[in-house]
There are 2 protein chains.
Amino acid sequence: MLDDDANVTVRAEIRCSTCPVRHRAVCARADADELALLDSVKFYKTYQAGQTIALRGDPLEVLSSVVTGTATLSQSMEDGRTQIVGLLLPSDFIGRPGRDTVAHDVTAVTEVTLCCFRRKPFEDLLVNMPHVQVRLLEMTLDELDAARDWMLLLGRKTAREKIASFLLLIAQRTVSNTISNSDLACDDEVRISLPLSRETMATYLGLTIETVSRQFTALRKDGLITLDGTRTVIVPDVAALSAEVGDGD
Amino acid sequence: MLDDDANVTVRAEIRCSTCPVRHRAVCARADADELALLDSVKFYKTYQAGQTIALRGDPLEVLSSVVTGTATLSQSMEDGRTQIVGLLLPSDFIGRPGRDTVAHDVTAVTEVTLCCFRRKPFEDLLVNMPHVQVRLLEMTLDELDAARDWMLLLGRKTAREKIASFLLLIAQRTVSNTISNSDLACDDEVRISLPLSRETMATYLGLTIETVSRQFTALRKDGLITLDGTRTVIVPDVAALSAEVGDGD
DNA sequence: CGGCTGCTTGACCGTCATCAATAAATGTGG
DNA sequence: CCACATTTATTGATGACGGTCAAGCAGCCG
């Protein structure tokens with residue numbers, strides 16, 4: 001995992017206390033002692049957009065938290081069909097203590113900075129960091145819920161519902177990363193800047209790139225969204241878009 | 001959760017030491033002290049096929065392990081479209097410490113016996129049961145992997161591939177529940193008795209009941225399976241069926 | 001035996017994938 | 001800064017896979 005071709009490794013360039021994901025990542029509820037432990041062993045790595053961070057089956061040597069940028073977890077079939085099975089946004093955790101190989105391909109879709117720990121030392125430290133342990137279980141349970149919600153989308157939703165769900169998901173996550181966990185309910189229009197290309201969205205939603213494009217056009221023609229360039233979506237009426245999702249998300 | 005209409009509650013009718021899931025459930029690596037703690041607070045409940053075990057949004061009062069039988073986790077949309085997001089077979093855990101409401105609908109598909117714990121006491125005990133805590137994280141990570149594998153199936157696989165994947169999944173889980181975790185690679189034919197109806201399979205696979213039925217027929221005509229009644233499938237050549245899956249599962 | 005439920009089969013149709021051609025955005029070098 | 005090349009996105013034409021609607025069939029139990 002975390003191959004070193006053409007990416008930068010820096011040891012502890014940021015103090016945890018000023019870290020942008022300090023209060024949401026796996027260290028969220030770490031006390032002073034725990035934080036000092038983490039701080040002493042952590043290091044940063046940066047990957048460029050498009051770079052592979054890890055491949056399924058690789059030895060799992062490094063665990064990490066996303067500090068900035070967006071990465072994907074994906075699963076592929078022999079003939080090339082691929083499904084993104086997880087979006088990794090700032091504060092999300094990569095890798096799992098107790099496993100020795102990587103379970104899914106990890107790819108940077110924008111420039112990504114990771115806060116890294118070597119796996120073995122981290123696992124050893126974990127015993128003495130009950131708050132981190134609890135937080136890790138909590139985050140894993142959240143991911144499980146998210147994965148299961150996505151299963152409903154993949155198995156049962158129409159292309160239009162998938163796009164609407166996706167836009168609202170990104171809107172929600174953007175809002176809760178800027179403002180402090182507020183819900184997205186304001187009547188104002190919302191500007192979303194998409195971290196993903198049409199192709200990546202298609203891979204995430206179980207669609208083709210053409211269908212994604214057509215649904216964007218359709219939503220635009222129906223006045224539910226406005227496009228500013230290709231990567232910025234304006235949602236004039238969040239409630240109206242929510243009505244397209246098909247369930248109470 | 002765990003409403004009491006028409007189901008049986010029995011306190012500690014089985015000793016943990018003779019429990020069929022003792023070595024695979026959340027208690028798998030519990031030591032003598034931990035097991036004694038669990039034993040003193042556990043109780044059993046039995047649900048009939050078709051009964052609702054819990055509904056999304058219910059207060060989460062009881063956590064449990066499946067001892068015998070099969071249950072499903074499912075997620076529904078307003079208009080009734082439903083996706084099964086998890087199969088619960090013996091040893092699987094239901095509910096999550098740290099949450100106070102049920103996240104998904106839980107339904108018994110056969111008669112189900114659960115080994116139950118009231119949530120609050122269980123959470124308190126958890127602090128003193130490190131082995132249980134670790135096992136719980138491990139099981140949650142396994143579930144997450146399984147959910148993500150299923151996302152590939154739901155998003156990218158054809159109906160035929162879905163059915164083949166499902167049959168092999170059940171075959172694998174049946175084998176590893178009888179023989180001790182051996183892999184299913186024997187050249188002999190394998191008999192699978194399906195715990196699910198066509199309808200439930202469809203809900204699990206993101207298909208309709210008609211498509212499931214048609215694919216069973218197609219696989220039968222191609223000599224990949226034989227049906228004995230409607231609930232028993234004989235796979236004469238596991239490798240041949242595996243070739244229909246599309247990836248190295 | 002009739003009625004019920006669950007499964008299979010058939011006919012038809014819609015959604016989305018596929019193939020293909022532009023068009024727009026992005027990048028590169030002169 | 002513009003011409004050109006390359007990637008990314010849009011739009012169109014067509015068809016296949018799986019969904020829908022509907023009828024028949026099989027097993028089960030009173």
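So you know, we letter chains A, B, ... as the sequences are listed, proteins then strands, and number each from 1. Computed from a prediction, not measured in an experiment: that's the story for all the values here.
- Using a distance-only test at 3.5 Å, with no hydrogens or angles considered, a donor-acceptor pair links the side chain of A:S242 to the main chain of A:V238.
- Across the protein-nucleic acid pair, B:D79 atom CG and D:dG19 atom C1' stand 14 Å apart, rounded to whole Å.
- Atoms CZ (A:R81) and C1' (D:dC17) sit 13 Å apart, rounded to a whole Å.
- We find that CD of B:E161 is positioned 12 Å from P of D:dC17, with the value rounded to whole Å.
- With respect to B:R81 and A:E161, a salt bridge is recorded, a charged nitrogen being found less than 4.0 Å from a carboxylate O.
- Classification of the A:Y204-A:W150 ring pair by plane angle, with boundaries at 30° and 60°, yields parallel.
- Rounded to an integer number of Å, the gap from B:I209 CD1 to C:dG6 C1' is 7 Å.
- D:dG18 atom P lies 8 Å from atom NZ of B:K162, rounded to whole Å.
- Between B:K221 and A:A159, the residue anchored nearer the 5' end of DNA chain C, judged by the nucleotide with its closest heavy atom, is B:K221.
- By the 4.0 Å N-to-carboxylate-O rule, A:D92 lies close enough to A:R173 to be salt-bridged with it.
- To the nearest angstrom, C1' of C:dT8 lies 14 Å from CD1 of B:I163.
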Fill in the blank from the handout: Readout for nucleotides 17-27 of chain C: B = base within 4.0 Å of protein heavy atom, S = sugar-phosphate only, - = neither; 5' to 3' it is SBBB-------
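- Protein atom CZ of B:R198 is 4 Å distant from nucleotide atom P of C:dT8, rounded to whole Å.
- Note on B:S213: a base of the nucleic acid sits closer than 4.0 angstrom, heavy atoms only.
- No side-chain donor-acceptor contact under 3.5 Å links B:T200 and B:T203.
- A:F216 places its CZ atom 8 Å from the P atom of D:dT10, with the value rounded to the nearest Å.
- Ion pairing between a basic and an acidic side chain is recognised when a charged N comes within 4.0 Å of a carboxylate O; A:R148 and B:E143 show such pairing.
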